[in-house]
Amino acid sequence: MSILTTDRLIITKWQAGDWQRLYAIMSDAEVMRYVGPYRPITQEEAHTFIDEKVQEQCRQEPTTWAVRRKQSDDLVGYCGYSTRTYGEYLEETEIGWLLSRQYWNQGLMTEAASAVLRYGFEAYNLDTVIASARPQNLGSLNVIKKIGMKSIGDSENPLGMPVPHFRMDRPHARKVVR
């Protein structure tokens with residue numbers, strides 16, 4: 001079922017058979033280099049990831065959705081929300097994404113993340129969304145900047161490494177002072 005569409009993408013709910021394609025993407029060490037758990041995942045982890053996202057979908061809470069190419073319906077990655085479970089921004093809503101290596105440098109994730117960010121503010125009434133990426137992850141840092149998020153300085157990731165963090169407040173939202 002489609003959540004959003006962009007010029008080239010369809011952002012959908014997860015389907016049971018998606019675990020195999022997700023596993024193919026997330027078993028690539030280069031794709032997982034900057035994405036927790038910072039290593040290729042197992043088939044069981046791919047199943048678990050999708051099971052968790054389906055449960056979040058059923059509860060109608062912000063989640064991470066499948067990103068598919070409009071012309072072929074191929075799963076190319078994911079984009080969506082999670083609740084920060086560590087560090088300085090504990091309990092904040094964080095946007096994140098992952099893209100199959102064959103689709104890097106085509107602007108697809110900027111397209112998806114921009115649509116998902118707007119959707120979060122509109123459909124879930126989010127006040128603030130954060131994002132982070134390691135300094136070496138130039139692709140994700142470029143996406144973060146292109147979708148209009150503003151730097152809020154470095155904060156530690158789950159490995160204790162300082163990484164750049166960004167935020168965006170809902171347009172016309174009351175500013176939250178931290």
Side-chain angles (χ1 to χ4, degrees), residues 1-6 9-70 72-104 108-113 115-117 119-120 123-124 126 128-134 136-137 139-141 143-144 147 155-161 163 165-166:
M1 172 195 271
S2 175
I3 304 294
L4 298 165
T5 59
T6 68
L9 302 169
I10 303 169
I11 298 162
T12 69
K13 292 184 176 184
W14 292 98
Q15 300 167 13
D18 286 336
W19 77 268
Q20 293 170 315
R21 180 66 181 127
L22 183 67
Y23 171 70
I25 296 168
M26 294 179 76
S27 63
D28 181 334
E30 189 63 22
V31 169
M32 296 303 293
R33 184 175 181 187
Y34 303 119
V35 178
Y38 309 106
R39 60 165 173 74
I41 67 166
T42 65
Q43 290 185 9
E44 183 177 326
E45 288 170 321
H47 274 288
T48 299
F49 178 89
I50 289 180
D51 288 347
E52 289 171 358
K53 300 309 162 197
V54 168
Q55 290 172 20
E56 290 169 358
Q57 290 169 177
C58 289
R59 292 190 300 264
Q60 297 182 340
E61 56 191 54
T63 188
T64 299
W65 297 282
V67 176
R68 302 174 194 286
R69 286 188 46 139
K70 201 183 255 186
S72 64
D73 201 42
D74 289 340
L75 179 69
V76 299
Y78 64 66
C79 186
Y81 297 105
S82 62
T83 300
R84 181 63 75 87
T85 59
Y86 63 89
E88 179 178 359
Y89 298 104
L90 184 67
E91 303 287 322
E92 295 269 350
T93 301
E94 183 169 21
I95 190 170
W97 47 79
L98 175 129
L99 186 65
S100 175
R101 190 173 358 164
Q102 74 188 78
Y103 298 105
W104 288 0
L108 293 176
M109 200 43 67
T110 299
E111 193 173 312
V116 166
L117 187 60
Y119 184 73
Y124 293 103
L126 299 174
T128 301
V129 175
I130 64 168
S132 64
R134 288 189 190 179
Q136 306 88 343
N137 189 348
S140 282
L141 288 171
V143 170
I144 289 169
I147 64 175
S155 186
E156 290 185 359
N157 72 1
L159 301 177
M161 299 169 54
V163 297
H165 277 65
F166 301 81

Short question: side chain of Tyr119, backbone of Ile3 - any donor-acceptor pair under 3.5 Å? no

Backbone N/O of Tyr78 and side chain of Trp65: donor-acceptor pair under 3.5 Å: no

When rounded to the nearest 0.5 angstrom, what distance separates OG1 in Thr63 from CD in Gln57? 5.5 Å

Please examine the side chains of Ser100 and Arg21, heavy atoms only from C-beta on, and report whether any two atoms are closer than 4.5 Å. yes

Has Glu44 got more than 12 heavy atoms of other residues, nucleotides or ligands less than 6.0 Å from its CD? no

Distance check, rounded to the nearest 0.5 Å: Glu56 atom CD versus Thr64 atom OG1? 6.5 Å

Rounding to 0.5 Å, atoms CD (Glu92) and OG1 (Thr128) come to a distance of 6.5 Å

Can you check whether Gln102 reaches Val76 side chain to side chain, under 4.5 Å on heavy atoms? no

Counting C-beta onward and ignoring hydrogens, is there a side-chain heavy-atom pair between Trp19 and Trp14 closer than 4.5 Å? no

First locate atom OH of Tyr103, then atom CG of Leu108, and finally report the distance between them rounded to the nearest 0.5 Å. 8.5 Å

Only counting residues at least two apart or in another chain, list the ones meeting side-chain contact (heavy atoms from CB on, under 4.5 Å) with Pro40. Ala29

Pairwise distance OG1(Thr6) to CG(Leu9) - rounded to 0.5 angstrom: 3.5 Å

Side chains of Val67 and Leu75 in contact at under 4.5 Å (non-hydrogen atoms): no

Side-chain heavy atoms of Asn157 within contact of Tyr38, under 4.5 Å: yes

Given side chains that start at C-beta, do those of Met26 and Met32 come closer than 4.5 Å, heavy atoms only? yes

Give the C-alpha distance, both sets of side-chain angles, the deciding distance and a yes or no for side chain to side chain contact (heavy atoms under 4.5 Å, CB included) between Met161 and Arg134. CA-CA 8 Å; Met161 299 169 54; Arg134 288 189 190 179; 4.1 Å; yes

Is it the case that Glu94 and Thr83 place a side-chain donor and acceptor less than 3.5 Å from each other? no

Pair Glu111-Lys70, salt bridge (Lys or Arg N to Asp or Glu O under 4.0 Å): steps then yes or no: CA-CA 12 Å; Glu111 193 173 312; Lys70 201 183 255 186; over 6 Å; no

I'd like to know if the side chain of Ser27 reaches the main chain of Ala24, judged simply by a donor and an acceptor atom lying under 3.5 Å from each other, with no hydrogens or angles considered. yes

Short side-chain to backbone donor-acceptor contact, Glu45 and Thr42, under 3.5 Å: yes

Asp18 side chain to Gln15 backbone, donor-acceptor under 3.5 Å: yes

Does the side chain of Tyr89 come within less than 4.5 Å of Ser155's, by heavy atoms? yes

Calculate, to the nearest 0.5 Å, the distance between atoms CG and CD1 belonging to Leu117 and Ile147 respectively. 5.0 Å

Report the C-alpha distance between Asp28 and Arg101 in whole Å, list the side-chain angles of each, state the deciding distance to 0.1 Å, and finish with yes or no for salt bridge (Lys or Arg N to Asp or Glu O under 4.0 Å). CA-CA 8 Å; Asp28 181 334; Arg101 190 173 358 164; 2.8 Å; yes

